[in-house]
Trainee: 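Handing you a structure now.
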Amino acid sequence: MDFQAGILRDGNPMDSLEKQLICPICLEMFSKPVVILPCQHNLCRKCANDVFQAANPYWPSRGSVISGGRFRCPSCRHEVLLDRHGVYGLQRNLLVENIIDIYKQECSRPLKKGEHPMCKEHEDERINIYCVTCEVPTCSMCKVFGAHKDCEVAPLQSVFQGQKTELNNCISMLVAGNDRIQTIISQLENSCRSTEENSEAAKQELCARFDALAALLEEKKSELLQRISHEQGDKTSFIQGLIHQYKEQLEKSSRLVETAIQAMEETGGATFLMNAKQLINTIVEASKGGRLGKIESGYESMEAFSVSLDHLTEAVRALDFEPAEEDEEYFDGEEEEVVEDAVPERMGMASQ
């Protein structure tokens, strides 16, 4: 590993060094022993063995007399071929192990003077205790002679660990709270999606019901129009028959008039009298035209086929969504009289 290049890229050498010592599998600092792969990348032996076992599930155990296996480096995807010894046949990276030991020793070394926070009141004193009463870190001189001499104090390290643990618990609580919020958000999103789906289904059902009602009205209209047309045909046929009869009578009467006029022109008495009596009887009989059929007064009226749609119009205007059960309970408690009046109305609409 090129540790120097990694360290130069970061302003803090210790932080950069720690990044170079992180295992790409467990994301923790390399644990002994560290194995170096043929591609020069490093892994904890345990992590390397886990990757190897995952890639070769049927590889029995260390020391088996079968051929080895293979897996890919998690850093560069280079294929690593192993012999029958498996991961235990890889070379240990002693250099990295030594660097880890040095790093851990350096991290555990006490801070030098100037690296540790110093007391503002006593410039040569390090802040090494914690004032429990004032809840601030301070130095020993402040406890003995200074502002915290009457306060309760505790070792800085113990308070540090306690508050660090408390902060960690707070972080856990906050993360758990964020998880709950995310769960609520997911539930609300699901509710929003369900609302949209249910609304679309309700719209489709409503359209289907109104389409069915429109089809029923159209069917009823066609039926009533057919009945009117049938009555119209019957009446007009009867009237046309009467017209034809009266026209025939008019034609006969016109011929009689002509015959009578010709008879009046006859000058001979005997000749006139020979045909006059018969002609007079024929004219008298023809003049009785009242014997033909007649129509009653108002026969042409079609008022019997008028339809009142006022009740249907009111029923359509009164159409509304049925209240849910909880709404009905609410109305029962506060608007009982309104509900009692509305029920017969709905029953009347249903009967219609």
Side-chain angles (χ1 to χ4, degrees), residues 1-109 160-161 164-190 193-194:
M1 299 192 324
D2 190 359
F3 291 102
Q4 185 176 4
I7 294 173
L8 292 176
R9 286 194 298 268
D10 200 308
N12 190 333
M14 295 300 290
D15 291 343
S16 180
L17 179 61
E18 182 178 357
K19 294 178 182 178
Q20 300 295 324
L21 299 176
I22 297 299
C23 174
I25 299 297
C26 62
L27 301 180
E28 300 288 343
M29 189 171 293
F30 290 116
S31 60
K32 293 182 181 181
V34 180
V35 293
I36 182 169
L37 304 180
C39 56
Q40 302 303 310
H41 290 111
N42 297 274
L43 293 174
C44 304
R45 175 172 289 176
K46 181 181 181 304
C47 295
N49 189 58
D50 292 341
V51 175
F52 175 70
Q53 291 290 343
N56 302 272
Y58 299 106
W59 194 80
S61 60
R62 178 183 177 188
S64 176
V65 193
I66 63 173
S67 59
R70 62 184 65 195
F71 68 93
R72 292 189 178 275
C73 173
S75 298
C76 65
R77 308 303 297 167
H78 177 79
E79 189 175 49
V80 180
L81 301 177
L82 301 180
D83 58 14
R84 63 188 182 85
H85 298 290
V87 174
Y88 293 92
L90 292 174
Q91 182 181 359
R92 289 178 60 179
N93 195 333
L94 299 178
L95 175 60
V96 173
E97 293 182 16
N98 293 334
I99 292 175
I100 292 175
D101 291 338
I102 296 172
Y103 174 81
K104 290 181 177 179
Q105 292 176 6
E106 185 67 21
C107 290
S108 62
R109 181 179 60 83
F160 162 73
Q161 292 296 337
K164 195 170 184 180
T165 301
E166 184 179 355
L167 179 59
N168 185 62
N169 294 335
C170 291
I171 294 174
S172 300
M173 292 173 58
L174 188 60
V175 171
N178 291 342
D179 292 340
R180 288 193 297 272
I181 292 175
Q182 184 60 47
T183 301
I184 294 174
I185 292 175
S186 300
Q187 292 175 348
L188 291 176
E189 291 176 346
N190 292 335
R193 184 164 51 254
S194 298

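For the numbers below, each heavy atom of this structure counts, side chains included, while hydrogens, waters and symmetry mates do not.
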Trainee: More than 12 non-hydrogen atoms from neighbouring residues, nucleotides or ligands closer than 6.0 Å to CD on Gln91, yes or no?
Mentor: no

Trainee: Could you give the distance from OG (Ser172) to CG (Leu167), rounded to the nearest 0.5 Å?
Mentor: 9.5 Å

Trainee: Is there a side-chain contact between Cys73 and His41 in this structure, where contact means two heavy atoms from C-beta onward sitting under 4.5 Å apart?
Mentor: yes

Trainee: How long is the span from the CG atom in Leu37 to the NE2 atom in His78, to the nearest 0.5 Å?
Mentor: 8.5 Å

Trainee: The criterion is side chain to side chain donor-acceptor pair (under 3.5 Å); which residues satisfy it with Asn190, sequence neighbours excluded?
Mentor: Arg193

Trainee: Show me the donor-acceptor pairs, under 3.5 Å and distance only, between side chains in residues 94-102 and residues at least two apart or in other chains.
Mentor:
from	atom 1	to	atom 2	distance (Å)
Glu97	OE1	Arg92	NH2	2.8
Glu97	OE2	Val34	N	2.8
Glu97	OE2	Arg92	NE	3.3
Glu97	OE2	Arg92	NH2	3.2
Asn98	ND2	Leu94	O	3.2
Asp101	OD1	Lys32	NZ	3.4
Asp101	OD2	Lys32	NZ	3.0

Trainee: Between Leu82 and Val87, which heavy-atom pair has the shortest distance, and what is it?
Mentor: CD1-N, 3.8 Å

Trainee: Test of understanding: with side-chain contact (heavy atoms from CB on, under 4.5 Å), list the residues that count as partners of Pro24, not counting sequence neighbours.
Mentor: Phe30, Leu43, Pro74, Ser75

Trainee: In Å, rounded to the nearest 0.5 Å, how long is the span from CG of Asn42 to CD1 of Ile25?
Mentor: 12.5 Å

Trainee: For Pro38 and Val80, work out which heavy atoms get closest and say how close.
Mentor: CD-CG1, 3.7 Å

Trainee: Please report the interatomic distance CD(Glu28) to SG(Cys47), rounded to the nearest 0.5 Å.
Mentor: 9.5 Å

Trainee: Distance check, rounded to the nearest 0.5 Å: Gln53 atom CD versus Asn49 atom CG?
Mentor: 5.0 Å

Trainee: With sequence neighbours excluded, tell me which residues meet side chain to side chain donor-acceptor pair (under 3.5 Å) with Glu79.
Mentor: Arg70

Trainee: Taking side-chain contact (heavy atoms from CB on, under 4.5 Å) as the definition, give me every residue that meets it alongside Gln187, ordered by chain and number, with sequence neighbours left out.
Mentor: Thr183

Trainee: Any salt bridge (charged side-chain N to carboxylate O under 4.0 Å, His left out) pairs touching residues 166-183, not counting sequence neighbours?
Mentor: none

Trainee: Rounded to the nearest 0.5 Å, what separation is found between the CZ atom of Arg45 and the SG atom of Cys23?
Mentor: 13.5 Å

